[in-house]
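Here the structure comes first, spelled out in structure tokens, and everything after it is commentary.
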Amino acid sequence: MASDNDKITFVLVHGSWHDGSSWRFVEKHLHAAGHATLAPTLPGRGDSASMPITFQDCVDCVVDAVKAAGLSDIVLVGHSAGGSVVRKAAEMLADRIRRLVYISPLLAGNGEPVLAAVPPDYGALFKQMAEASPDNTVFPPWPVWRDGFIGDADEATAKAAFDELCPEPFGPIVEPIDLTTFETLQIPTSYINPTEDVVFPIGEWGFFPRMYHKVAPCRLVQIPGSHEVMYSNPEALAGALVVAGRD
Amino acid sequence: MASDNDKITFVLVHGSWHDGSSWRFVEKHLHAAGHATLAPTLPGRGDSASMPITFQDCVDCVVDAVKAAGLSDIVLVGHSAGGSVVRKAAEMLADRIRRLVYISPLLAGNGEPVLAAVPPDYGALFKQMAEASPDNTVFPPWPVWRDGFIGDADEATAKAAFDELCPEPFGPIVEPIDLTTFETLQIPTSYINPTEDVVFPIGEWGFFPRMYHKVAPCRLVQIPGSHEVMYSNPEALAGALVVAGRD
Amino acid sequence: MASDNDKITFVLVHGSWHDGSSWRFVEKHLHAAGHATLAPTLPGRGDSASMPITFQDCVDCVVDAVKAAGLSDIVLVGHSAGGSVVRKAAEMLADRIRRLVYISPLLAGNGEPVLAAVPPDYGALFKQMAEASPDNTVFPPWPVWRDGFIGDADEATAKAAFDELCPEPFGPIVEPIDLTTFETLQIPTSYINPTEDVVFPIGEWGFFPRMYHKVAPCRLVQIPGSHEVMYSNPEALAGALVVAGRD
């Protein structure tokens, strides 16, 4: 039984290849527990799929969505590359943010592009993919998706999630990001590690603890699950978001 | 409710000191879920305990068992040193294999013996044990077994499992293994990590992620449990095998 | 159903800022399962808060409590800095100890003070805190406690536990500890790792596996939870203590 004080407003920022609807299973569980959510779709997919976009466009999308909805005291959540978006958005939303929550985030250093957070061999592969694509986008091959992104789901769930993916614009991923202002902010922070996230093989270049070290010390929440735990185990992720997001 | 398409045929290859019967508790759970199993006993134990055997004898045993049973579309599972056996067997069974699944495998590089995958100080100890034995075998002392191999089980389970162990012929462990052909195969692969496997202390020389790096990128499945999780928590291992083995 | 042989007598030694009452939730679960407990309060807090104390005073407290209670065949448990206390106490209690159990222990090498086990930057901070205090004590700031020590608990539990903390005398933490005798002892050992313990960020200087390597090879038990799992999930810790403590 959550008291009113325990009701959290989550702003959920998706990662590459997804749109805001990727959170819908998680949102169902959050709503059932009395929490509110906002899950904007970043530009460059859906209706705006063919438009050239910048990293700042993505950031603006989140900032505008939060302001348009008149939200404050939010828990701002970033998944994967969305983790970089929420950091930059936090510069303009600082007084509305109660806590930042990262889920296997892709975080580069101040002045670096998101791509700098990708292991070098994977980064080279992404570049080749983008160059070989007609529209400077990248997209995961099915076998990589199946075992690397969502190995914990059954095949039907993995396929259904795969069918929802959209090509990811490569441009925003290679833009340097200025985090000078962000680094002056002191926002309580939590990190959610799905323990079977092997998008990058666990070890020197794995998400955890490499990315966690970029935000530690902070609260750590771990759950069983793959990088795509919003599809494979949305109930567990919703629970983890509450544990990560509460005061 | 598994559809026919979800029914898996597992071929389970045991590790050192065990025989095929070490899988019986896991098999019970797999059968109850509608899956089929084959769990051959490698040579050098039981009736063939006193015979000199080679690594290739072990490989042939698996290959012959699969062919004799007329199995195809199998999930080939190797535990511990059995992981090296299934890799070599895969060279001759490639067209019958749907997926390889490793459980805390002992995997050496191409041209190396299994012993090369053992931490140097443990390897030296094994050599001393084999030399001190009357028949060039190795066997784990009870305290090492109790806390290092099966620390998650209650004492009665640990003792019962210990009483089933047979001396392990050292010969096959020190034979160089040619994996040239194996390395050309592209077989979908999963890795099961029982998170309390401390046969080799977790860290630089632990099973995980050291052995996982030898097969990554691949699907990762983690379960609570020791190296001997087929005795300490066979139901969890059966569940993990299905998650690891399905398409 | 535990047989008489499965009934364990736990001696529970608390860490910094706590007293013996920090174990009361865990003790409730252990008692319900038929186990016995003794949870002494180390000197330097409560009635003895203002007295100058030494590391040996803490050790003597444990030794005296065990002897005064006439206990033998005990499982001696040390949490955090209490891990160093139980090692030294074991020198005088060896014939009464069935097994040592560490929970995220702070263990220094022979001849080193407890502080040597603390990451250098945290150690420097502790020194500054002690020097800035009126009575050479250290105390964790609330934000550090909330996210670093007990991030898995709800806020009410975190606050209630925080309100129980007492300033920790810094003197015993910087005294060199002679472990020459301890290192000759061969006592079966278990290590409990609460997997979300981020008092020191996971990685090079985290508790696990850094501290585990100081006692491995040994039995490893892992449970979800923070450093303060005796408050956040006492039932799980009680269960882990039984798994860790049994023969």
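Proteins come first, then strands; the chains are lettered A, B, ... in the order of their sequence lines, and each starts at number 1.
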Nearest non-hydrogen partners of B:Asp152 and C:Arg246, listed with the distance: O-NH2, 2.9 Å
Region of C:Thr189 in contact with chain B, defined by heavy-atom distances below 4.5 Å: backbone
Side chain C:Gln222, main chain B:Thr195, donor-acceptor under 3.5 Å: yes
CD/B:Glu164: more than 12 non-hydrogen atoms of other groups inside 6.0 Å: yes
Within 6.0 Å of CD in C:Glu183, more than 12 heavy atoms from elsewhere: yes
Part of B:Ala153 lying under 4.5 Å from any heavy atom of chain C: backbone
Gap separating the CG atom of C:Asp6 from the CD atom of B:Glu155, nearest 0.5 angstrom: 8.0 Å
Contact winner vs chain C - B:Pro201, B:Pro224, B:Gly203, heavy-atom pairs under 4.5 Å: B:Pro201
Spatial distance of atom CD (B:Glu204) from atom NE2 (C:His213) [nearest 0.5 Å]: 9.0 Å
Nearest non-hydrogen partners of B:Ile202 and C:Tyr212, listed with the distance: N-OH, 3.2 Å
Ion pair check, C:Asp247 and B:Lys159, cut-off under 4.0 Å: no
Residue pair C:Leu220 / B:Glu196: nearest heavy atoms and the distance that separates them: O-CG, 3.7 Å
More than 12 heavy atoms of other groups within 6.0 Å of C:Lys127 NZ: no
Contacting region of B:Asp154 [heavy-atom separation from chain C under 4.5 Å]: both
